[in-house]
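Notes follow the structure.
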Amino acid sequence: MDSERGDIEDLSTIADLDEDILLREISSRYLQDKIYTYVGDILIAVNPFKDIDIYGPHYSQMYKNIPQSSRPSHIYAVADAAYQALTGHNGKTPGNQCIIISGESGAGKTESTKLLIKQIVELCKGNTQLEQQILKVSPLLEAFGNAQTNLNDNSSRFGKYIQLKFNDGHLVGGKISEYLLEKSRLVGQGAGEQNFHIFYYLFGSDIHRKYLLSAPRHYKYLNSSKSTDLKSIQEQFETVTSAMDSVGFTDDEQENVFSIIASILHLGNITFTVQEDESVTVTEKTEALLMAARFLEVDSEDLKESLCYTFIQTKREKLRRNYTKEMAEDARDAMSKALYGRLFGWIVNKINCLLVPENQAANLEIGILDIFGFEDFTKDGGHNSFEQFCINLANEQLQYFFNRHVFFLEQEEYRKEGIAWTEIQCVDNKPLLDLFLGKPIGILSILDEENRFPGGTDQSFVNKLTQVMEGNENFLKSQQTNKPVFSINHYAGNVVYTCTNWLEKNRDTLPEDITTLLRSSSNLLIKTIFKAFISRTGSLALQGRYSRNHVVFQQTPIAMDTTANKLTVGTQFKNSLNILMERMTASSPIFIRCFKPNHEKLPERLEPEYLRNQLLYTGMLQTIEIRRRGFAVRPTFSQFIQKYKILSDYQMKETVDNCITILKKSFLSGWCIGESKVFLKFKHVEKLTQMLDERIKSVVHMQRVVRGFVQRGRYKKMKEKILAAKLEQEKIEAMKANILQGRYTELPPKSVATISKTDNRSVFEVVELQNAKSDESPDVEFLDDIPAPPTPPNSAKFGPADSKLSLKEWFRKTQIHNVRDNQKDKFQDWFHGIISRRDAEKLLANKLIGCFLIRVSESRFGYTLSFKAENRCRHYIIEQLKNRKFIIIGETKIHRSLHDLVSFYKKNKLSNWPNCLTVPCGQNSGECDYSDLIGSQTYFEMENTPPQVPPRSYTAKNNSSRINNTASHQLPATTRKLN
């Protein structure tokens, strides 16, 4: 055994296994950089805390459409298994799949999610912009939703469920559901921790000068942070803006987003002074109020008033209530949290609008759950608050879901189907969930009840909780009864919670005066997100709904958030967990268990007892046992026959005897037959799938031979008809010539009686003209099976794209500015109008390598790049995005204009061609009929031409007039110099 230590890919194949052997195998593999290990269909992943070279294109190809046991364990194999199950290629009926990734904070769940998405996109041959957009979603959400903690440098401070939508195996859209953003992190972080990443990325570009920001250490919301590497955050900021471009955010939307981020930093620096009458006012010396008002686009006096006092409406009059200094600071922080929380919700909503499938009917999906890991900050000298309580509740729910599917439901099915089975016991954490979620005596229910009492406090909540939970073995009261503290004995161990500000965090209220102020903002984004309402799951609900082609606004009334109708954060989170469980239960689950090798986040270091504890509390020993003895695949008799009848008799009926016949003919052993299902192990499914693939290949080969024979016969007949038509045409032409010269006096044959003397076309030429379009090659290089690109903006009203009149109209009304050379009052010398692929190749035939042109396609609303390569011409589709920017399909770089695209590829190589573009083809006389393209108007007489996307600039000297002119106040002279 020692000589083979670390060589076992699937731990369920070990006959005698205890916790020492389990720990030894995982540890040995980890120290050999074998971070993945199977337990049947479950994947164990141990975070290496370093880059290991096992994710490149070579490995991606290794794990495509393969039996799991044929390659070393890998996360790409899980992606492949999910995709095969979705499409019904691995012995299962096609259906929805969900991949559930769990583990402690810092165990590698977020990285695992990104790797899964990357491989799934590769498996479905994703080369369109949609797949690139989905790949860019992860870094975008990480920037706004992740932060550095003491447990994890890139910790998810929210949960997300990613749904990838498929139709016939092709990726057609996606959706993100977000859960419980940790907004309290915004206004204060623990020692050694940081705020959300985006606040630091803002200082990685000159954009921070535009928003009058100095350095991170000068801002209250950031002043507890560690120093940040400037080069690193500069690269991260460029990644974020590139992702926003790719997903489809417009420049105005991006500017509004960064304005809100900057305004939050300025808000945090507003301080308050107590006056003689004990009322508070904003400290006069600070400029933070003026700058916050400027970028929120509200009046500074109105902002000041909303932070210092509120009005209470009685039956007879409206009374002013002055805030204390503490209340004013709470109002400021509540405003900041509301701004950021709604902004984050809007970003998720915007992503969903841009990724929604065009047709959602009959779409299957692969869901990926990446949710915050189990946390206990007391081990690092911190404390666990309301957020950690909700995070650990979610993990408790996931552990229950895992136990239910891996143990309870499986063993119940064995009993139901009459399969002889010895029970395998696991820890049932259902009582813990009842402790959290029970009605009316669950912790969250008691918290909501205490919120409803006018005199409720954090201490009174803990006192009531202690009284109700007396005798519960999972609840431990604090020995210090005068402090709001209690403990929960979780599945992962005991955690102490400090209940400071729990009632306020659960209530999550924003003063009505502040809400009214923000709804009146001149900033369109701020106005939009505060006129929206919060749904029962805590997500932002906007008025409009979106389709891939256009926006449709629903004229539904806006539900205003009021204290009377707003749900608490705890209730919203319970609702979202219930919906999440419903979604996952409706899918076939695949589990990935992530483990953390050490507390210090160091590579090549493993703490045996720490890892042992994780393996034990997640029930991995029992999981290995049930996977070793159990039957992971259990199709019904009908499903089994439908899937594998081709191995025996395609006409066989769906009976139990026929199931046994197929299994015996396949020379398999160790399977079981239940009352209504066939019980199989993974090795059985792999063998059956291999036999099925071989049989299908044989059938396809026979079909290919027969179809080839039939098509050759058709081709022969078509060729004979064309030759006969050509001979007939030659006779007709001769007859026409004789008639015109007076040689024939009799009437021509009936077949040519309709030919005009002025018609110079031949029948053969007409046939060629009719078939010419079908001879055209697609306007795309190396992407032969790619679906047609999405319809570009402003094209739906111009009719079908295969009409030249429609193309001209689309070009004249929406595109002429994209190809105009304003300096020379003509088209750019690389533009060649509406010409075919063949015409482009004729133009480039005698040119130098790299000579290029851009043309309007003859069959779609869009452009194509054509250029001369070493031995042929290449053609690439250029897609115009909804934000009017451009990208070459198959590439990742977004370009603000066609001119920028040309300039970029004259300096940078395409991904599949080793050279750069060189010189434009030029426009010689007669090559392009521009008068036909634009009509009689000149370039500058075009009407309804949308403005060109202006160059992005994040420098102080290029501030937009919108920002400069909206504030009603004047900045001090020292501040105006910065602008």
Side-chain angles (χ1 to χ4, degrees), residues 6 11 19 22-39 42-52 54-55 73-75 78 99-116 142 146-159 182 190 192-194 369-382 384 387-388 391-392 394-396 398-399 402 490-495 591-621 623-624:
L11 296 180
E19 61 181 78
L22 171 62
L23 178 64
R24 185 179 66 187
E25 284 299 311
I26 298 292
S27 302
S28 298
R29 293 179 62 79
Y30 174 77
L31 296 175
Q32 299 173 46
D33 286 343
K34 297 177 181 177
I35 63 171
Y36 297 117
T37 307
Y38 292 134
V39 176
I42 299 169
L43 183 71
I44 291 177
V46 186
N47 193 342
F49 291 115
K50 66 177 182 179
D51 292 330
I52 52 177
I54 59 170
Y55 303 111
S73 47
H74 201 289
I75 196 168
V78 175
I99 304 175
I100 300 161
I101 310 172
S102 59
E104 291 191 3
S105 181
K109 298 181 298 299
T110 298
E111 288 302 313
S112 296
T113 300
K114 290 190 287 188
L115 291 168
L116 285 169
E142 283 182 36
N146 287 28
Q148 178 179 308
T149 69
N150 290 323
L151 300 179
N152 185 1
D153 291 342
N154 186 34
S155 177
S156 296
R157 307 318 300 167
F158 73 108
E182 188 187 23
E193 297 194 348
Q194 289 191 348
L369 180 65
D370 175 21
I371 205 162
F372 14 59
F374 192 90
E375 293 181 344
D376 183 4
F377 285 126
T378 55
K379 296 178 180 179
D380 295 287
N384 301 298
E387 291 78 15
Q388 279 65 53
I391 286 170
N392 293 344
N395 281 270
E396 201 74 57
L398 289 181
Q399 181 65 21
F402 177 83
H490 286 279
Y491 79 99
N494 184 270
V495 178
F591 296 97
I592 298 178
R593 308 305 298 252
C594 295
F595 295 98
K596 196 173 177 181
N598 60 75
H599 288 92
E600 290 77 20
K601 300 173 286 189
L602 296 175
E604 300 178 4
R605 179 173 178 179
L606 189 140
E607 299 174 7
E609 289 308 310
Y610 180 44
L611 182 58
R612 182 197 298 268
N613 186 49
Q614 295 175 73
L615 291 169
L616 291 178
Y617 74 62
T618 53
M620 290 314 300
L621 272 174
T623 303
I624 292 169

Just wondering, do T37 and L43 contact through their side chains at under 4.5 Å, heavy atoms?
no

Salt-bridged, E375 to K596, with N to O below 4.0 Å?
no

Sorted by chain and number, sequence neighbours left out, side-chain hydrogen bond (donor to acceptor under 3.5 Å, both in side chains) with N494 holds for none

Tell me, please, which residues at least two apart from T618 pass side-chain contact (heavy atoms from CB on, under 4.5 Å).
R593, F595, M620

Mind checking what makes side-chain hydrogen bond (donor to acceptor under 3.5 Å, both in side chains) contact with E396, not counting sequence neighbours?
N429, H490

Should N47 and P597 count as side-chain neighbours, where that means a heavy-atom distance under 4.5 Å?
yes

Only counting residues at least two apart or in another chain, list the ones meeting side-chain contact (heavy atoms from CB on, under 4.5 Å) with E609.
R612

Suppose we screen for side-chain hydrogen bond (donor to acceptor under 3.5 Å, both in side chains). Which residues come up paired with K114, at least two apart in sequence or across chains?
E111, E142

Identify, with sequence neighbours excluded, every residue that meets side-chain contact (heavy atoms from CB on, under 4.5 Å) alongside S112.
I75, I101, C594

Any residue meeting side-chain hydrogen bond (donor to acceptor under 3.5 Å, both in side chains) with N146, in chain and number order, not counting sequence neighbours
N154

Kindly indicate whether the side chain of I624, heavy atoms from C-beta on, has any atom under 4.5 Å from the side chain of I42.
no

So do F49 and L602 actually touch side chain to side chain, heavy atoms under 4.5 Å?
no

Could you tell me how the ring of H74 sits relative to the ring of Y36: parallel (under 30°), tilted (30 to 60°) or perpendicular (over 60°)?
tilted

Find out whether I35 and I52 are in side-chain contact, i.e. whether some heavy atom of one side chain is under 4.5 Å from a heavy atom of the other.
yes

Close side-chain approach of H599 to Y610, heavy-atom, < 4.5 Å:
yes

Could you list the residues that satisfy side-chain contact (heavy atoms from CB on, under 4.5 Å) with N395, not counting sequence neighbours?
F374, I391, Y491

Flag the pair I592 / L116 as yes when at least one side-chain heavy-atom distance between them is below 4.5 Å, and no otherwise.
yes

Return the set of residues passing ring-ring contact (aromatic ring centres under 6.0 Å, His included) with F402 (not counting sequence neighbours), or none when no residue passes.
F591

Test R157 against S155 for side-chain hydrogen bond (donor to acceptor under 3.5 Å, both in side chains), laying out the working first.
CA-CA 6 Å; R157 307 318 300 167; S155 177; 2.7 Å; yes

Are K34 and S73 close enough that some pair of their side-chain heavy atoms sits under 4.5 Å apart?
no

Qualifying residues under ring-ring contact (aromatic ring centres under 6.0 Å, His included), relative to Y30, sequence neighbours excluded
none

